[in-house]
Structures are given as C-alpha cells and as structure tokens.
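All heavy atoms count here, side chains included; hydrogens, waters and symmetry mates do not.
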Amino acid sequence: MRTPSALIGSAVKGLAIVATISVLSACGSSSDDSPGPVRQPPKVASLGPFVGECGHVTDDEVRSLAGIGSIARSFKNSTGCNWQAAGMTSPSVTFASYRGSPIERERAWVSNAQRTPKAIQVAGKPGFEGLDPSGAICDLAVQLDDDFFEWSMSYGAFGKTGNPCDNARKLAELTIGRLG
C-alpha cells in the first residue's frame, strides 16, 4: 500500500511527463521549415522642434492676431491651449501640438468635418488649411519633421466676416518664427 506522500509524488511525476510531452509536441516541425514573416522594427519618430507652450504665443497676441478682442484663455495643458469668448457659439481659437503623429490623420478628420483641406506652405513648412463651407471655421496645420501643430479658429455663430484662415496663418507664422 502506498503512502499519501508517495501518491502525491507519483501524481506530480505524471503531470510533469504530460506537460513535457505537450511542450514537445507543440514544438514539432513541419515539412515547411521556412521562417515566418519577418516583422520590420517600428519606425521611431524623430522629434521636431519644440513649439512651446501655446505655440509660443501670448494671450494678447492671440486676441490681436485672431482679430477677436474679447477672448480669454479657457484652458492650457501639455499639448495645447484654447481661448474662448463667452458662450458655446462664440468665437474661439485653439492651438494643439502633436508629437510623432501623422498630419494625414488630421487632414482626414478635417475633410470629414466638411472643411476641404488644401495644401499650403507656412514659412517654408508644408501643411494644409481647411475652411468650412460657412467660412466661419478654419483648421490650419503645419508639418515639423514627424510632428505637426494646428491652429483652429472659429468666428462663432455671430462672429465677424472674413476668412479665419488668414488669421490662423498669422498665428502659425508667429509660432514658426519662435521655434526653439
């Protein structure tokens, strides 16, 4: 008669044998010994120049260059800033910086928002601007190596007339002029 410890020892040996057989059968070879697909290492994005907090632009400069005197900064975080007048349908200006992010994704979003993007150059840097059909909203993005930044302007529901892309371009030019 076997003791309980002998029974446990036999059970452990049995499990070890089953596990070994399972591992070895999983590692069996097939007639096709060619290696699987070779995966390319991921591309490491090269960081573009630092665009600074809020695009290196002050609140007063935003008010002046945007042509909207009664706006104030409503938030600031590590990737951007927003200036807003009072109310949801009021004028606003937004700056956003995207590190290692494809500008084409933003171009697709702008296109889906019914703002047909057109290719532009700002201070020799490629980018795009997209103006909505009402002429009240503009998204202007500029490529910097594998990064890009974007200035977005909305004149709001009852805002001024003119092309907000003209003012967004002035802000983008100021940002590029202050790159560090």
- What's the spacing between Tyr98 OH and Asp147 CG if we round to 0.5 Å? 12.5 Å
- Task: Indicate the atoms forming the closest heavy-atom contact of Thr175 with Gly55, along with that distance.
- Result: OG1-O, 2.9 Å
- Looking only at non-hydrogen atoms, find the nearest pair between Asn167 and Ala66 and report the distance. ND2-O, 2.9 Å
- Task: Report yes or no: do Trp83 and Tyr155 belong to one cluster of Ile/Leu/Val/Met/Phe/Trp/Tyr joined by side chain heavy-atom distances under 4.5 Å?
- Result: yes
- Query: Do the side chains of Val57 and Trp151 get nearer than 4.5 Å, heavy atoms only?
  - Reply: yes
- Query: For Thr58 and Asp60, does a side-chain donor sit closer than 3.5 Å to a side-chain acceptor?
  - Reply: no
- Note on the structure: In short, Ile71 meets Pro91 closest at the heavy-atom pair CG2-O, 4.1 Å
- Task: Can you tell me which residue pairs pass the salt bridge (Lys or Arg N to Asp or Glu O under 4.0 Å) test with a partner in residues 79-91, sequence neighbours excluded?
- Result: none
- Task: Measure the spacing between CD of Glu129 and CZ of Arg169 and express it to the nearest 0.5 Å.
- Result: 6.0 Å
- Calculate, to the nearest 0.5 Å, the distance between atoms NZ and SG belonging to Lys170 and Cys165 respectively. 12.5 Å
- CE of Met153 to OG1 of Thr94, rounded to nearest 0.5 Å, is 10.0 Å
- Item | Distance-minimising heavy-atom pair for Ile103 and Gly127 | CD1-CA, 4.4 Å
- Item | Where Ser154 and Ile68 come nearest, the two heavy atoms and their spacing | O-CD1, 4.3 Å
- Task: Identify whether the distance between the nearest side-chain nitrogen and carboxylate oxygen of Arg107 and Glu104 falls below 4.0 Å.
- Result: yes
- Are Lys125 and Gln143 close enough that some pair of their side-chain heavy atoms sits under 4.5 Å apart? no
- Can you find a pair of side-chain heavy atoms, one from Pro164 and one from Leu131, that are under 4.5 Å apart? yes
- Item | Side-chain donor/acceptor of Asn77 to backbone N/O of Thr79, under 3.5 Å | yes
- Message: Hydrophobic clusters here meaning ILVMFWY residues chained together by side-chain heavy-atom distances under 4.5 Å, can you tell me if Phe148 and Ile176 are in one?
- Response: no
- Taking all heavy atoms of Val110 and all of Gly130, pick out the closest pair and write down the distance. CG1-CA, 4.0 Å
- Task: Show your working on salt bridge (charged side-chain N to carboxylate O under 4.0 Å, His left out) between Asp132 and Arg115 and close with a plain yes or no.
- Result: CA-CA 4 Å; Asp132 80 320; Arg115 300 177 200 135; 5.4 Å; no
- Kindly indicate, with the supporting measurements, whether the criterion side chain to side chain contact (heavy atoms under 4.5 Å, CB included) is fulfilled by Val51 and Phe95. CA-CA 10 Å; Val51 295; Phe95 171 82; 3.7 Å; yes
- Message: Can a donor-acceptor pair be found, under 3.5 Å and without considering hydrogens, that links the side chain of Arg63 to the backbone of Ala72?
- Response: no
- Query: Is any side-chain heavy atom of Gln121 closer than 4.5 Å to a side-chain heavy atom of Pro126?
  - Reply: yes
- Message: Counting C-beta onward and ignoring hydrogens, is there a side-chain heavy-atom pair between His56 and Leu174 closer than 4.5 Å?
- Response: no
